[in-house]
Amino acid sequence: MKNIVVILAGGSGTRLGYEKPKQFIKIAGKMIIEHTIEGFQKNSNIDEIFIVVNRNYIDLMEEIVNKNNYSKVTKILKGGKERYESSLVAIKACKEECNVLFHDAVRPLVGQEIINECIEKLNYFNAIDVAIPVTDTIIKVNGDYILNIPKRDNLKKGQTPQAFKLSIIKKAYEIALKDPNFITTDDCGVVKKYLPDEKIYVINGDISNIKVTYKEDLYLLEKLFQLKSINLYKRNHDFSSLKNKVIVVFGGGSGIGKEIKEFSKKFGARAYSFSRSSTKTDITNIEDVKSALSKVYNKEGRIDFVINTAAVLYKQSLNNMSYDKIFESVNINYIGALIIVKESFKYLKESKGGLLLFSSSSYTRGRANYSIYSSTKAAIVNLTQALSEEWDIFDISVNCIVPERTLTPMRIKNFGYEDKKTLLEPLEVAKISLNVLLDSSINGQVIDIKVDNV
């Protein structure tokens with residue numbers, strides 16, 4: 001039986017304060033709805049995708065589908081004012097008996113296991129819900145007063161997708177629409193109320209399958225994408241595809257940059273590194289960066305990837321740091337990165353290549369004695385996210401690696417010798433970095449790498 005997923009994107013509200021509905025906000029380099037569609041596009045059990053969207057955004061939705069070549073999207077339907085009206089539009093668009101899954105457009109992290117289990121359980125049940133256990137105490141109130149505190153043992157929080165045999169959900173709505181007091185918030189609720197004898201099987205959801213409702217959810221979603229990313233990129237890639245790739249590494253004289261250069265060359269890449277120590281290249285000098293890139297381009301005829309690992313760390317409080325060290329830190333860690341980015345653009349535009357920047361785990365929170373380093377690394381993350389949107393139309397991927405403590409000369413200089421078990425090996429970071437570059441579909445990702453990830 002055919003499996004059709006209905007992505008409900010009919011909302012027109014701008015509760016989050018953005019010009020467009022939340023499904024069109026960009027997270028990790030793509031619109032939320034793009035992440036959502038891709039989750040079903042890549043699932044081998046899904047045959048077709050219907051997208052129900054507000055009438056004002058049908059043209060935009062068509063552009064998104066065409067740009068990404070979402071081959072399973074067969075219908076883009078005009079949604080109704082209420083959620084149930086959008087569900088009905090999709091139900092009527094199904095011409096024969098099938099399995100139909102309804103999913104919120106703003107739940108972009110639905111797992112493949114959940115999708116597969118929904119479909120598998122439809123072999124035994126006619127209606128499926130997805131839910132996770134309630135962790136907070138739930139209270140039932142009357143105005144400002146508690147009426148009851150139900151036991152959490154029997155309470156769960158509903159998610160999507162919700163899955164049905166088409167005939168069942170269609171029959172439930174036919175009965176519901178005859179009820180003058182019909183009100184519902186989800187499709188399982190319609191089946192439960194109007195087909196009370198129909199059992200609805202509940203499968204376990206996932207805490208990361210969040211629905212974006214408030215601004216705070218966007219920050220959480222960004223972090224969840226980071227955690228998801230490391231699981232994707234730590235796996236071994238087919239590094240043979242590095243053969244004949246032209247790679248430029250700034251900061252490649254030591255540490256992670258050196259490992260990237262050496263490892264990629266083992267697989268046939270034509271890798272070039274530039275640094276103050278090895279080539280006297282100063283990334284804060286525009287002419288030095290221009291010269292480095294033009295030399296490689298004139299020799300190779302193209303540049304596929306540009307990587308910047310160059311950085312400096314002075315572990316010192318701001319009031320005790322000299323202005324020379326302050327300016328050096330800002331110039332190398334941020335201004336130098338901007339120069340590399342700007343001068344690399346024309347080469348990466350031509351090759352439709354990739355840019356990889358490096359931040360630090362210290363970017364998430366400023367700490368004493370790291371004020372300059374942390375703030376410049378936070379700037380790199382914001383730069384990555386902005387550039388990924390600016391350069392998306394040129395098919396240039398822009399991503400950022402955030403390694404935790406790594407055994408590099410800069411680390412040893414500032415912290416001395418530490419237990420190696422607590423540190424990342426530069427080679428492991430290099431491999432993950434190359435994995436990211438080789439996956440051209442990834443854009444705008446900020447990828448955390450921790451000791452327990454590798």
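Quick note: numbers below take in every heavy atom, side chains included, and nothing from hydrogens, waters or symmetry partners. Computed from a predicted model, the values in this text were never measured in an experiment.
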Measure from the side-chain N and O atoms of [X] to the backbone N and O of [Y], and report whether any donor-acceptor pair falls under 3.5 Å.
| X | Y | value |
| --- | --- | --- |
| Asn443 | Val398 | yes |
| Ser86 | Leu8 | no |
| Glu85 | Lys81 | yes |
| Gln162 | Asp129 | no |
| Thr184 | Asp186 | yes |
| Glu350 | Tyr347 | no |
| Asn68 | Tyr70 | no |
| Asn66 | Glu63 | no |
| Asn382 | Ala378 | yes |
| Asn399 | Leu356 | no |

Taking all heavy atoms of [X] and all of [Y], pick out the closest pair and write down the distance.
| X | Y | answer |
| --- | --- | --- |
| Ala163 | Leu101 | CB-CG, 3.8 Å |
| Leu218 | Val212 | CD2-CG1, 3.7 Å |
| Thr185 | Arg83 | O-CD, 3.4 Å |
| Ile380 | Asn333 | CD1-O, 3.4 Å |
| Ile114 | Asn204 | CG1-O, 4.1 Å |
| Gly39 | Gln112 | O-NE2, 2.7 Å |

So how far is it from [X] [atom1] to [Y] [atom2], rounded to the nearest 0.5 Å?
| X | Y | atom1 | atom2 | result |
| --- | --- | --- | --- | --- |
| Leu224 | Tyr219 | CG | OH | 15.0 Å |
| Phe225 | Ile442 | CZ | CD1 | 9.5 Å |
| Lys92 | Leu77 | NZ | CG | 11.5 Å |
| Ile256 | Glu425 | CD1 | CD | 11.0 Å |
| Lys26 | Glu389 | NZ | CD | 5.0 Å |
| Ser344 | Ile339 | OG | CD1 | 11.0 Å |

Can a donor-acceptor pair be found between the side chains of Tyr272 and Glu300 at a distance below 3.5 Å?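 Checked: Tyr272/Glu300 side chains pair up, N/O donor to acceptor below 3.5 Å.
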Say whether Asp187 and Tyr84, considering side chains only, have a donor N or O and an acceptor N or O under 3.5 Å apart.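 There is no such pair (donor and acceptor under 3.5 Å, judged by atom type) between the side chains of Asp187 and Tyr84.
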Might you confirm whether atom [atom1] of [X] has over 12 heavy atoms from other residues, nucleotides or ligands at distances under 6.0 Å?
| X | atom1 | answer |
| --- | --- | --- |
| Leu220 | CG | yes |
| Lys258 | NZ | no |
| Leu147 | CG | yes |
| Lys67 | NZ | yes |

List the steps, then state whether salt bridge (charged side-chain N to carboxylate O under 4.0 Å, His left out) holds for Lys431 with Glu259. CA-CA 9 Å; Lys431 289 178 181 178; Glu259 293 292 349; over 6 Å; no
Steps toward salt bridge (charged side-chain N to carboxylate O under 4.0 Å, His left out) verdict (Asp304, Arg302): CA-CA 7 Å; Asp304 296 299; Arg302 74 176 193 279; 3.0 Å; yes
Taking the cut-offs as 6.0 angstrom to the six-membered ring centre and 45 degrees off its axis, would you call Lys377 and Tyr363 a cation-pi pair?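 Not satisfied by the 6.0 Å and 45° rule.
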Quick one: does [X]'s side chain get under 4.5 Å of [Y]'s, heavy atoms only?
| X | Y | result |
| --- | --- | --- |
| Ile64 | Leu60 | yes |
| Thr36 | Arg107 | no |
| Lys121 | Ile203 | yes |
| Ile132 | Lys156 | no |
| Trp391 | Leu355 | yes |
| Lys352 | Ile396 | no |
| Ile115 | Val5 | no |
| Ile4 | Phe102 | no |

Working for salt bridge (charged side-chain N to carboxylate O under 4.0 Å, His left out), residues Lys72 and Glu48: CA-CA 5 Å; Lys72 292 185 180 179; Glu48 294 185 44; over 6 Å; no
Check Leu88, Leu195, Asn126, Ile91 against Ile169 for a side-chain contact (heavy atoms from CB on, under 4.5 Å) and give me the one that passes.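 Exactly one option meets the side-chain contact (heavy atoms from CB on, under 4.5 Å) with Ile169, and it is Ile91.
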For side chain to side chain donor-acceptor pair (under 3.5 Å), just list the numbers for Asn45 and Asn3, CA-CA rounded to whole Å, side-chain angles, deciding distance to a tenth of an Å, and then say yes or no. CA-CA 7 Å; Asn45 288 317; Asn3 299 310; 5.3 Å; no
Could you give me the CA-CA distance, side-chain angles and deciding distance for Phe358 and Ser433, then say whether side chain to side chain contact (heavy atoms under 4.5 Å, CB included) is met? CA-CA 10 Å; Phe358 275 73; Ser433 302; 3.3 Å; yes
Report the C-alpha distance between Ile307 and Val248 in whole Å, list the side-chain angles of each, state the deciding distance to 0.1 Å, and finish with yes or no for side chain to side chain contact (heavy atoms under 4.5 Å, CB included). CA-CA 6 Å; Ile307 303 165; Val248 176; over 6 Å; no
Working for side chain to side chain contact (heavy atoms under 4.5 Å, CB included), residues Tyr370 and Arg367: CA-CA 5 Å; Tyr370 293 87; Arg367 291 181 292 158; 4.0 Å; yes
Go through the steps to decide whether Ile449 and Val402 satisfy the test side chain to side chain contact (heavy atoms under 4.5 Å, CB included), and finish with yes or no. CA-CA 6 Å; Ile449 306 176; Val402 183; over 6 Å; no
Tell me, with the steps shown, if Tyr57 and Gln23 meet side chain to side chain donor-acceptor pair (under 3.5 Å). CA-CA 11 Å; Tyr57 297 98; Gln23 58 264 31; over 6 Å; no
Would you please indicate if the ring centroids of Tyr124 and Tyr201 are separated by under 6.0 Å?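 No, ring centres 6.0 Å or more apart.
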Tell me whether the centres of the aromatic rings in Phe239 and Phe263 are closer together than 6.0 Å.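 Here the rings of Phe263 and Phe239 have centres that are less than 6.0 Å from each other.
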Glu198 and Lys165: salt bridge (charged side-chain N to carboxylate O under 4.0 Å, His left out), yes or no, with the steps? CA-CA 12 Å; Glu198 192 68 55; Lys165 289 286 194 296; over 6 Å; no
Going by the angle between their ring planes, with limits at 30° and 60°, are Phe394 and Phe345 parallel, tilted or perpendicular?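 Because their plane-to-plane angle is over 60°, the rings of Phe394 and Phe345 count as perpendicular.
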